Number of protein chains: 2
Amino acid sequence: MPRTTDAKGLDDTDRKILRLLRTNCRLTTQEIADQVGLSQTPCWSRIKRLEETGIISGYVAILDQAKVGRPDTFIVEVNLENHDDEKIENFSRHLQQLPEVIDVYLTTGEFDYVIIVAVDGPEGYETFLRKKLLKFEGIKHTRSIYCLRRLKRDVSPMV
Amino acid sequence: MPRTTDAKGLDDTDRKILRLLRTNCRLTTQEIADQVGLSQTPCWSRIKRLEETGIISGYVAILDQAKVGRPDTFIVEVNLENHDDEKIENFSRHLQQLPEVIDVYLTTGEFDYVIIVAVDGPEGYETFLRKKLLKFEGIKHTRSIYCLRRLKRDVSPMV
DNA sequence: ATATTTTCAGAATTTCATTCCGGATATTTG
DNA sequence: CAAATATCCGGAATGAAATTCTGAAAATAT
């Protein structure tokens, strides 16, 4: 093992590459190579390896949430009536289908779920809540939080 | 205006393109063109327009959170002692710098902030909380929620 | 010290993004 | 309704970048 790698098999150059691609995957291999101090070919191989090992799990376009019609964010905390596997599975499937639902966390503590929702205004949220979320049978209780602002969103953590 | 566009100036073909790029921006313009029923050139122009108008705000690589060493997610709710602009600005800046902090929402209701944090195990979280978050002067109160699982994360909302 | 493995770089090739052009379609105007 | 105008489309040509191929250098192991 000629490189100095950490527990995950990543060396410093790998991390530099990831730091670049994390915020802009449209850089050419040449541009990346220049910035990390390599030539095209080994830089390209490293990227391929990072893809094959699944450290890079995909490449996506970021859409402006407001400009696609969802300027407002709410956080909904949810409790279900009961917690058998089937119910949880169904609720998860329900949430997957709702375009307003951005993130879903299954949580410990006071609530069972924390859900991030993107909508257009309070009206949009009311519609979402009454017509979509609460249409699911078995919700015991919810609490809604309005987000004044999103101060940070990292698509992937810093490496 | 020869196309049938909505309020945002997007027609059905634009939305199809966005739906594809939203989950995979490595598709070639030819592949996208095939799937939306266009030829390369007009498809490419549309993508350029979506970039120029800022509807597509960027392209990024998605890193596997667990594989880069942050398998565990916590949600921290935070209250500050006081809420003058400077304090809020400082706290925001503080959070921007912390690699564990993925998302930050400025919220109404019981807490001032809802923060999504990615760490390695309970030990990692304790370290983050004591050595980093609470090092900031002026935190009145926090509540931590452990996430058993992330059931959904859309980098961008469905269009 | 030598053999082996791994990483690197340069050049050639292939694939794709981008530009250029003319024709078709829809909208606007008279 | 017809002509003018703007918009969109597709095909071919060009340029740039990704990918492959080859051999040399560096690090590790024997």
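No experiment lies behind these values; they were computed from the predicted model shown. Proteins come first, then strands; the chains are lettered A, B, ... in the order of their sequence lines, and each starts at number 1.
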Enquirer: May I have the distance from A:Ile47 (atom CD1) to C:dC8 (atom P), rounded to whole angstrom?
Expert: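 Computing the A:Ile47:CD1 to C:dC8:P distance gives 12 Å.
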Enquirer: Rounding to an integer number of Å, can you tell me how far A:Lys48 NZ sits from D:dA18 P?
Expert: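 About 10 Å, once rounded to whole Å.
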Enquirer: Check each residue of residues 57-64 of chain A for a non-hydrogen atom within less than 4.0 Å of any atom in DNA chain C, then write out the ones that pass by number, or none.
Expert: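 Going residue by residue through residues 57-64 of chain A, none turns out to have a heavy atom under 4.0 Å of DNA chain C.
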Enquirer: Tell me the interatomic distance from A:Asp11, atom CG, to D:dA27, atom P, rounded to whole angstroms.
Expert: 13 Å
Enquirer: Passes side-chain hydrogen bond (donor to acceptor under 3.5 Å, both in side chains), A:Thr107 versus B:Tyr146? Steps please.
Expert: CA-CA 6 Å; A:Thr107 55; B:Tyr146 176 65; over 6 Å; no
Enquirer: Does B:Lys87 make a cation-pi contact with B:Phe136, if we ask for NZ or CZ under 6.0 Å from the ring centre and within 45° of the axis?
Expert: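 Ring-cation test returns yes.
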Enquirer: Measure all distances between protein nitrogen or oxygen atoms and nitrogen or oxygen atoms of nucleotides 14-17 of chain D, and list the pairs falling under 3.5 Å.
Expert:
none

Enquirer: What is the distance, to the nearest angstrom, from the CD atom on B:Gln30 to the P atom on C:dT18?
Expert: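 After rounding, the reported distance stands at 14 Å.
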Enquirer: I'd like to know if B:Thr41 reaches the base of D:dG11 with its side chain such that a donor and an acceptor end up less than 3.5 angstrom apart.
Expert: yes
Enquirer: Does a sphere of radius 6.0 Å around CG in B:Asp85 hold more than 12 heavy atoms from other residues, nucleotides or ligands, not counting ones at 6.0 Å or beyond?
Expert: no
Enquirer: Does A:Arg26 count as lying over the ring of B:Tyr59, i.e. NZ or CZ under 6.0 Å from the six-ring centre, within 45 degrees of the axis?
Expert: yes
Enquirer: Rounded to whole Å, how long is the line connecting atom CD1 of B:Ile17 with atom P of D:dC8?
Expert: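 Computing the B:Ile17:CD1 to D:dC8:P distance gives 12 Å.
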Enquirer: Examine C:dT18: is either OP1 or OP2 under 4.0 Å from a nitrogen or oxygen in the side chain of B:Trp44? Give yes or no.
Expert: yes
Enquirer: Given atom CZ of B:Arg46 and atom P of D:dG10, what is their separation to the nearest angstrom?
Expert: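 In whole Å, D:dG10 P lies 10 Å from B:Arg46 CZ.
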Enquirer: Give a yes or no on whether A:Leu129 and A:Val114 share a hydrophobic cluster (residues Ile, Leu, Val, Met, Phe, Trp, Tyr; joining criterion: side-chain heavy atoms under 4.5 Å apart).
Expert: no
Enquirer: From CG of B:Leu10 over to C1' of D:dC8, roughly how many Å is that when rounded to an integer?
Expert: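 So the CG-C1' distance, B:Leu10 to D:dC8, works out to 16 Å.
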Enquirer: Got a sec: does the CD of A:Glu81 have more than 12 other heavy atoms crowding it under 6.0 Å?
Expert: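 Count over threshold, so yes.
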Enquirer: Which nucleotide sits closest to the side chain of A:Arg49: C:dT7, C:dA9, D:dT19?
Expert: C:dT7
Enquirer: Consider only side-chain heavy atoms of I, L, V, M, F, W and Y, link residues closer than 4.5 Å, and tell whether A:Leu133 and B:Leu151 are in one cluster.
Expert: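 Same cluster: A:Leu133 reaches B:Leu151 through Ile, Leu, Val, Met, Phe, Trp or Tyr contacts under 4.5 Å.
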Enquirer: Using a cut-off of 6.0 Å, state whether more than 12 heavy atoms not belonging to B:Arg149 lie near its atom CZ.
Expert: no
Enquirer: Who pairs with A:Asp64 by salt bridge (charged side-chain N to carboxylate O under 4.0 Å, His left out), at least two apart in sequence or on another chain?
Expert: none
Enquirer: Within the pair A:Arg26 and C:dA17, is there a side-chain N or O less than 4.0 Å away from OP1 or OP2?
Expert: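 So the side chain of A:Arg26 is outside the cut-off, no N or O lying under 4.0 Å from OP1 or OP2 of C:dA17.
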Enquirer: Rounded to the Å, how far apart are A:Leu21 CG and D:dA18 P?
Expert: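 The answer, rounded to whole Å, is 11 Å.
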